[in-house]
J.: 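Would you mind keeping the following structure in view while I ask a few things?
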Amino acid sequence: MYEVFMTSIVEDADFTPACSILEGLCSMKPWESVVRVLYYQGPPRPAGLSNQTSIEKPIRKNVAPLWRELHQNLSRQAFIIQARYEVLKNRDFGFETKPMELDATPGILRWTDFPDPPHGKPLLTQRKMVELWEQRALPSVLRDNQHQFKGEMIEETYRFFRDDVEFSLTKQYIFNPIQEYTPFEQRQGAIYPPASQLPAWDSLTPVDMQGRWIMQVRTHVLQDNKPDEIRKAQDTLMALRNELEGVFDFRAIDRKVYDTRIALRQQGVQVLPQKVTIGKM
């Protein structure tokens, strides 16, 4: 599957007007969701998802091809992938709540590839992706295949739909010490497992200290081997960009922002320092 989207930034003070505009554009009230996102880092030597011990059996016929596709992509390159769980503000937050049993809770396993070069359309980002919905035991599946837990965030999203296009306003939050979001190589001490309980909603810290919302307008192409369908999706988004000109400021985003690949370090190769001083011995 291919995902094609464009991005804008909405200030927190402009959130309500932005929702009103999208309500009118899509003729619907927003669909609010809160998702707990767990990030897992693939092994240094990619091996895919060869160990299927923890995968829920029997594997549904419509899901089996997605498992195969994901295995193939994780065999060629190590990535950071997501295990996503929908949560509720009034049920799952606060240390007095019942601990969340992640293996017993259905979730979404999401992988996204490094986006394609812009090819003359800098406002658009497009990339391959695989999503497996309603999957149990995701932490065990990933652990069985040497994927390490890296960190977690909370995503608050308001969605609107018009035909095959999704409009979303998303804000991300952290609730762990910032050290737990740094690369493994820079961490001091042990790597912690996912939190057993989520803190109170009001205690979460926005990733963007100004509290801004990320607005994305996206559509999907189910069969990514059809260039005509991808061009049609691009044309649809560019038409919407023109329709919303002067209302939302869509920006060109460097595709490296969405790079989920893990750089492989070859053994026996000296790593150069990050800072080099010229002209001094």
Side-chain angles (χ1 to χ4, degrees), residues 1-11 14-15 17-28 30-31 33 35 37 39 66 69-70 72-74 76-82 84 108 110-131 155 157-172 207-208 210 212-263:
M1 180 168 66
Y2 245 74
E3 178 185 42
V4 186
F5 62 92
M6 54 186 180
T7 305
S8 180
I9 302 296
V10 174
E11 299 292 336
D14 297 329
F15 173 75
C19 283
S20 297
I21 292 169
L22 295 177
E23 284 181 19
L25 183 69
C26 301
S27 301
M28 65 170 288
W31 172 45
S33 66
V35 176
V37 186
Y39 297 89
L66 297 177
E69 183 181 357
L70 182 59
Q72 291 170 358
N73 285 294
L74 297 183
R76 66 176 172 84
Q77 171 76 48
F79 289 89
I80 293 174
I81 61 178
Q82 301 177 19
R84 302 173 62 87
I108 300 171
R110 175 184 292 180
W111 165 81
T112 55
D113 203 354
F114 185 48
D116 297 342
H119 295 304
K121 293 183 173 63
L123 293 181
L124 299 182
T125 301
Q126 62 182 50
R127 58 187 178 183
K128 290 189 68 173
M129 67 181 300
V130 175
E131 282 190 339
E155 286 186 0
T157 302
Y158 292 79
R159 290 185 174 88
F160 306 80
F161 297 91
R162 189 172 82 168
D163 298 327
D164 295 329
V165 178
E166 174 190 325
F167 302 78
S168 65
L169 291 160
T170 300
K171 186 183 290 188
Q172 295 179 316
V207 172
D208 184 292
Q210 298 180 47
R212 294 174 295 187
W213 297 79
I214 299 173
M215 176 181 170
Q216 291 187 330
V217 183
R218 62 165 53 82
T219 188
H220 296 93
V221 179
L222 296 181
Q223 295 180 311
D224 51 43
N225 58 349
K226 294 187 175 181
D228 289 344
E229 293 297 319
I230 295 176
R231 283 193 290 270
K232 181 180 177 181
Q234 293 172 340
D235 292 342
T236 297
L237 293 190
M238 293 307 296
L240 281 169
R241 184 257 182 181
N242 294 333
E243 185 177 350
L244 295 171
E245 188 172 6
V247 180
F248 296 106
D249 179 23
F250 294 102
R251 306 179 181 185
I253 306 295
D254 190 328
R255 63 185 182 136
K256 293 180 182 178
V257 171
Y258 302 106
D259 191 357
T260 59
R261 299 172 299 176
I262 303 297

J.: Nearest heavy-atom pair of L169 and M215: which atoms, and what distance?
T.: CD2-CB, 3.6 Å

J.: Going by ring pair (Phe, Tyr, Trp, His ring centres under 6.0 Å), name the residues that satisfy it together with Y258, two or more places apart in sequence or in a different chain.
T.: F5

J.: Nearest 0.5 Å, please: how far is CZ in R212 from CZ in F15?
T.: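 Here the interatomic distance stands at 16.0 Å.
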
J.: Residues two or more places apart in sequence or in another chain: which of them pass side chain to side chain contact (heavy atoms under 4.5 Å, CB included) with I230?
T.: Y2, Q126, V221, Q234

J.: What's the verdict on salt bridge (charged side-chain N to carboxylate O under 4.0 Å, His left out) for D259 and K256, showing C-alpha distance, side-chain angles and the deciding distance?
T.: CA-CA 5 Å; D259 191 357; K256 293 180 182 178; over 6 Å; no

J.: Can you name the residues that form a salt bridge (Lys or Arg N to Asp or Glu O under 4.0 Å) with R255, not counting sequence neighbours?
T.: none

J.: List the residues meeting salt bridge (Lys or Arg N to Asp or Glu O under 4.0 Å) with K171, not counting sequence neighbours, and say none if there are none.
T.: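 K171 satisfies salt bridge (Lys or Arg N to Asp or Glu O under 4.0 Å) with D12 only.
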
J.: Would you call I81 and L74 a side-chain contact if the rule is heavy atoms closer than 4.5 Å?
T.: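 The answer is yes, as the side chains (C-beta and beyond) meet within the 4.5 Å cut-off.
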
J.: Of all residues at least two apart in sequence or in a different chain, which pass the side chain to side chain contact (heavy atoms under 4.5 Å, CB included) check with K226?
T.: Q223, E229

J.: Does the side chain of C26 reach to within under 4.5 Å of the side chain of F167, using non-hydrogen atoms?
T.: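 Yes - at least one pair of side-chain heavy atoms lies under 4.5 Å apart.
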
J.: Using every non-hydrogen atom in the two residues, find where V37 and Q82 come nearest and quote the distance to one decimal.
T.: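 Minimum heavy-atom separation between V37 and Q82: CG1-OE1, 3.5 Å.
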
J.: What's the separation between atom CD in Q77 and atom CD1 in I262, rounded to the nearest 0.5 Å?
T.: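 Going from the CD atom of Q77 to the CD1 atom of I262 covers 8.0 Å.
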
J.: Give, for atom OG of S20 and atom CG of D14, the distance between the pair rounded to the nearest 0.5 Å.
T.: 11.5 Å

J.: Who are the side chain to side chain contact (heavy atoms under 4.5 Å, CB included) partners of N73, not counting sequence neighbours?
T.: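 Testing N73 for side chain to side chain contact (heavy atoms under 4.5 Å, CB included), a comparison that skips the adjacent residues, returns E69, R76, W111.
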
J.: Ring centres of F79 and F114 under 6.0 Å apart?
T.: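 Between F79 and F114, the centre distance exceeds or equals 6.0 Å.
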
J.: Is the Y158-W213 ring centre distance short of 6.0 angstrom?
T.: yes

J.: Mind checking the NZ-CZ spacing from K121 to R231? Nearest 0.5 Å is all I need.
T.: 9.0 Å

J.: Only counting residues at least two apart or in another chain, list the ones meeting salt bridge (Lys or Arg N to Asp or Glu O under 4.0 Å) with E155.
T.: R84

J.: I'd like to check the side chain to side chain donor-acceptor pair (under 3.5 Å) partners of T125; sequence neighbours left out, ordered by chain and number.
T.: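 For T125 there are no side chain to side chain donor-acceptor pair (under 3.5 Å) partners, ignoring immediate neighbours.
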
J.: Might you point out which heavy atoms bring P115 and R127 nearest each other, and give the distance in Å?
T.: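 Between these two residues, the closest heavy atoms are CA-CB, 3.8 Å.
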
J.: For R218, what residues pass the salt bridge (Lys or Arg N to Asp or Glu O under 4.0 Å) criterion, not counting sequence neighbours?
T.: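 Testing R218 for salt bridge (Lys or Arg N to Asp or Glu O under 4.0 Å), a comparison that skips the adjacent residues, returns E3, E166.
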
J.: Would you kindly say whether T157 and T170 are connected by a side-chain donor-acceptor distance under 3.5 Å?
T.: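 Short answer, yes.
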
J.: Can you tell me how far CG of D113 sits from CG of D224, rounded to the nearest 0.5 angstrom?
T.: 10.0 Å

J.: Kindly list each side-chain donor-acceptor pair under 3.5 angstrom involving residues 238-251, sequence neighbours excluded, with atom names and distances?
T.:
residue, atom, partner, partner atom, Å
N242, ND2, M238, O, 3.4
E243, OE1, R162, NH2, 3.1
E243, OE2, R162, NH1, 3.4

J.: With a 4.5 Å limit on heavy-atom distance, are the side chains of L237 and V4 in contact?
T.: yes

J.: Only counting residues at least two apart or in another chain, list the ones meeting side chain to side chain contact (heavy atoms under 4.5 Å, CB included) with D235.
T.: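 Partners of D235 under the side chain to side chain contact (heavy atoms under 4.5 Å, CB included) test: none.
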
J.: For F160 and W31, run side-chain contact (heavy atoms from CB on, under 4.5 Å): C-alpha distance rounded to whole Å, both residues' side-chain angles, the deciding distance at 0.1 Å, then the answer.
T.: CA-CA 7 Å; F160 306 80; W31 172 45; over 6 Å; no

J.: Does T236 have any side chain to side chain donor-acceptor pair (under 3.5 Å) partners at least two apart in sequence or in another chain, and if so, which?
T.: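 Side chain to side chain donor-acceptor pair (under 3.5 Å) list for T236, sorted by chain: empty.
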
J.: Measure the spacing between CE of M129 and CG of L70 and express it to the nearest 0.5 Å.
T.: 11.5 Å

